Every structure is written in structure tokens, then in C-alpha cells.
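Note sheet for the following structure.
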Amino acid sequence: MPPSSTSTAMAPSSSSVSSAATAPAVAGEKPPLLELVNLWKRFGDGPAQVTAVSNVNLKIREGEFVCLVGPSGCGKSTLFNMVGGLLPADDDGSILMHGRPMADGALLGKVSFMPQRDLLFAWRNVVDNAILGLEVEGTPKAAARARALEMLPDFGLKGFEKHYPHQLSGGMRQRVALMRTFLFERDMILLDEPFGALDALTRAMMQRWLLDIWARYRRTVLFITHDIDEAIFLGDRVVVMTSRPGTIKCDEVIELPRPRDAGIVTSPEFIEIKRRLLGAIEEEARKSFVSTTGGAG
Ligand SMILES: Nc1ncnc2c1ncn2[C@@H]1O[C@H](COP(=O)(O)OP(=O)(O)OP(=O)(O)O)[C@@H](O)[C@H]1O
Ligand SMILES: [Mg+2]
């Protein structure tokens with residue numbers, strides 16, 4: 001059974017480019033679900049060292065849908081891997097969940113995540129791919145399968161439970177991978193460009209479907225994307241990262257009403273938000289292009 005669709009207070013009330021990431025906590029206020037404090041990640045040593053992420057400060061409240069955008073190579077997946085517990089952060093900073101600092105390794109299992117690459121196993125059918133995480137966690141197979149079968153219609157996969165990945169469309173494969181993340185009853189879901197490989201039409205359908213699922217299952221989502229329209233359409237906030245070393249450039253609260261339908265992308269409000277964010281992103285994309293090509297092209 002999906003949890004109730006009751007909406008919680010999500011976006012901070014301030015408008016436009018905000019200081020949501022750094023606003024001081026009010027006494028007695030519930031701590032954010034996730035807080036990143038001065039987060040850094042450097043790879044390697046000496047002159048060959050690459051600083052992927054630098055001084056990231058970000059707060060995500062329970063129930064929020066936060067989209068993270070930024071140029072290729074700016075450190076989005078690195079940040080995702082640190083929050084997912086797959087990669088230790090450098091010692092400079094900390095990751096807090098519900099106000100408590102998380103030690104290295106302790107984050108694994110606290111969030112559920114869908115990495116940038118599709119990780120369905122060719123030899124497992126839809127249900128067995130979906131329950132993989134539950135199985136690893138120790139849930140008995142029969143119970144895990146029963147939960148997956150209950151969720152199947154919500155994920156548009158009813159009747160396909162015995163199909164193998166090669167028998168599915170791209171959108172269906174993504175829904176199996178998403179179902180795997182939703183089957184974990186975690187407070188927070190991390191999605192790294194889940195629709196990146198889909199054609200535009202399927203992608204638009206999947207975005208609307210994801211908002212519907214999110215409204216029903218009410219999880220907190222951190223969603224990485226290159227696509228600014230996708231970020232504005234989905235998010236309560238859009239956080240823009242600078243070119244590498246990636247840090248937060250701006251954090252915009254998206255005050256578009258929900259539920260959102262396809263037509264909202266042509267509204268003057270949407271276009272105005274997009275104009276503002278595009279300026280910030282394009283500036284960073286240019287810097288990234290110059291630093292990785294020497295300005296050629
Ligand atoms: N394990 C690693 N070892 C060394 N360098 C790494 C490692 N992982 C990432 N990097 C480097 O860190 C930087 C950020 O990479 P990351 O994958 O986080 O970028 P991204 O923003 O997710 O890019 P994209 O949008 O293309 O997916 C890149 O310069 C990359 O080469
Ligand atoms: Mg990435």
C-alpha cells in the first residue's frame with residue numbers, strides 16, 4: 001500500500017534564488033532530513049590531484065524534491081556517491097541526517113539510490129530485478145516478491161513480471177530500476193539522471209509519471225539531471241552547481257503550483273525561471289568547456 005498522499009510543507013517560503021542551503025536553524029525547528037556541511041572530494045595526490053567537489057553546503061527537508069544541475073564533470077555523481085555512502089567524503093566536512101553526523105559507511109542503507117548507469121541484470125526477470133536490494137538486505141524472497149507484485153501496477157509493469165530486461169522498452173527498464181529504489185523503505189531517494197538515455201517523448205511521460213508516484217509515495221528525492229526543463233518541471237528547488245571543482249552556485253525555489261501538467265512548461269512563470277537558471281548554467285558550462293578543451297572548438 002502506498003503511504004498517504006498528504007502533502008507536507010516542503011519548499012521554503014522565500015522566493016527566487018534563495019539561501020535555503022545556508023539559512024540558520026530556528027530554535028525548536030525539526031532538523032533537515034539531509035544536511036551537507038562543507039563537503040569536499042579530491043581524487044589522487046600531488047599535481048595530478050582532481051578536486052571534484054568543493055565546499056558544498058546544502059539542506060534538504062523531508063518530502064522535498066530537489067534537482068541538482070550542472071555541467072558535465074562538475075561533480076554531481078561524486079556528490080551523489082558520497083550521499084549514498086558509496087564514497088567517503090574528505091575529512092573537511094560532514095553529512096548529517098536528521099541532524100546527526102553520519103560516519104563513513106553508516107550512510108549505506110540509509111538512502112536508496114539509482115546510479116547513472118542502468119544496473120538491471122540480464123538473467124533476472126522484472127520482479128527479481130526489482131527485489132534485488134531487498135534480497136541483499138535479507139528480506140525473505142517470497143515477502144519481497146509479494147511487495148514487488150503489489151507495486152507493479154503503479155510502475156506500469158503489470159503483466160510484465162516474468163519479462164527479462166531485453167524484452168522491455170527503455171522506459172520500462174527505467175521503471176524497473178526506479179521500482180527497486182522505491183521498494184526500499186528509505187526516507188530519501190537519490191536518482192542520477194534516471195531519464196538521460198530516453199527519447200524526448202518517453203522522457204516527458206516518465207517525468208509526469210514520476211511526479212505522480214512521488215505524490216503517492218511521498219519520499220524525499222535528490223534528482224540529478226542535465227536538463228533544465230526537467231529540473232524546473234519536477235523540482236521544489238533547483239540547485240545549480242558550478243563547473244569543477246563543483247560547489248553550489250545558486251539554489252532556486254520553484255514556486256510553480258502542483259500538480260504540474262505538461263502545459264506548465266509554456267507558462268510565463270516557467271519561462272522566466274528558465275531564463276534565470278539558464279544564465280547561471282550556461283556561464284558554468286562555458287567555463288567547463290574552456291577548462292577541458294583549452295577553449296578549442
Ligand atoms: N573515482 C574517481 N577517480 C578519479 N577521478 C574521478 C573519480 N570519479 C570522478 N572523478 C572525477 O571527478 C570529476 C567529477 O566527476 P563526476 O562523475 O562526479 O561528474 P558529473 O558532474 O556527474 O558529470 P556527468 O554530468 O558527465 O555525469 C571528473 O573530473 C571526474 O573525472
Ligand atoms: Mg554523473
Side-chain angles (χ1 to χ4, degrees), residues 21 34 36 38-58 60 66-93 95 104-105 107-108 111-120 170 173-174 177-178 181 188-198 200 203 206-207 210 221-232 234-235 237-252 277-278 280-297:
L34 178 78
L36 310 180
N38 189 30
L39 212 62
W40 289 75
K41 186 68 195 177
R42 303 163 187 91
F43 292 108
D45 292 306
Q49 187 179 72
V50 169
T51 303
V53 169
S54 72
N55 190 26
V56 164
N57 291 282
L58 183 70
I60 299 182
V66 176
C67 293
L68 190 66
V69 294
S72 183
C74 77
K76 300 180 298 295
S77 294
T78 303
L79 193 70
F80 173 101
N81 288 336
M82 289 191 285
V83 175
L86 301 172
L87 196 65
D90 289 354
D91 291 338
D92 321 51
I95 301 177
D104 280 353
L107 277 159
L108 254 179
V111 298
S112 74
F113 51 85
M114 178 171 159
Q116 198 163 0
R117 279 172 300 139
D118 170 3
L119 291 180
L120 297 188
R173 290 171 63 103
Q174 294 305 89
L178 282 160
T181 61
M188 180 147 203
I189 292 183
L190 308 178
L191 305 172
D192 192 352
E193 301 203 41
F195 306 146
L198 302 177
R203 189 176 181 132
M206 292 287 287
Q207 289 164 357
L210 179 63
V221 176
L222 178 59
F223 185 104
I224 294 177
T225 178
H226 274 115
D227 181 338
I228 189 62
D229 287 88
E230 179 169 83
I232 300 168
L234 295 175
R237 281 160 59 200
V238 175
V239 176
V240 179
M241 280 179 80
T242 64
S243 58
R244 189 169 58 78
T247 191
I248 308 289
K249 185 179 176 82
C250 60
D251 185 342
E252 169 126 5
L277 287 173
L278 267 183
I281 292 165
E282 280 174 4
E283 189 185 351
E284 294 307 317
R286 253 194 315 275
K287 281 191 218 157
S288 170
F289 185 75
V290 169
S291 72
T292 52
T293 64

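For ligands, and for the atoms within them, numbers begin at 1 and follow the listed sequence. Treat the numbers as computed from the prediction; the structure is a model and nothing was measured.
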Between Thr247 and Asn55: side-chain donor-acceptor atoms closer than 3.5 Å:
no
So how far is it from Asp92 CG to Trp40 CH2, rounded to the nearest 0.5 Å?
6.5 Å
Shortest non-hydrogen contact from [X] toward [Y]:
X: Cys67; Y: Ala231; value: SG-O, 3.5 Å
X: Lys76; Y: Ile224; value: O-CD1, 3.4 Å
X: Ser54; Y: Pro245; value: OG-O, 3.6 Å
X: Met82; Y: Ile95; value: O-CD1, 3.6 Å
X: Asp192; Y: Ser77; value: OD2-OG, 2.6 Å
X: Phe195; Y: Met206; value: CE2-CE, 3.6 Å

Using 2.8 Å as the cut-off, count the protein N, O or S atoms closer than that to the Mg ion (ligand 2).
2
Distance filter under 4.0 Å to His226 heavy atoms, resulting ligand 1 atoms:
25 (O)
Can you list the ligand 1 atoms lying under 4.0 Å from a non-hydrogen atom of Thr78?
9 (C), 14 (C), 15 (O), 16 (P), 18 (O)
Pick from Arg244, Met82, Met241: the one approaching atom 29 (O) of ligand 1 most closely through a non-hydrogen atom
Arg244
Between Ser77, Ser72, Gly70, flag the one that comes closest to atom 22 (O) of ligand 1 by a heavy atom.
Ser77
Can you tell me if [X] contacts ligand 1 (heavy atom of the residue under 4.0 Å from the ligand)?
X: Glu193; result: yes
X: Lys41; result: no
X: Cys74; result: yes

Could you say whether the N/O atoms of Gly73 and ligand 1 ever approach to under 3.5 Å?
yes
Under 3.5 Å between some N or O of ligand 1 and some N or O of Gly75?
yes
Heavy-atom protein contact below 4.0 Å for atom 2 (C) of ligand 1
yes
Looking at residues at least two apart in the chain, or sitting in another chain, which of them share a salt bridge (Lys or Arg N to Asp or Glu O under 4.0 Å) with Asp229?
Lys274
Do you know which of Thr78, Thr51, Val53 makes side chain to side chain contact (heavy atoms under 4.5 Å, CB included) with Phe43?
Thr78
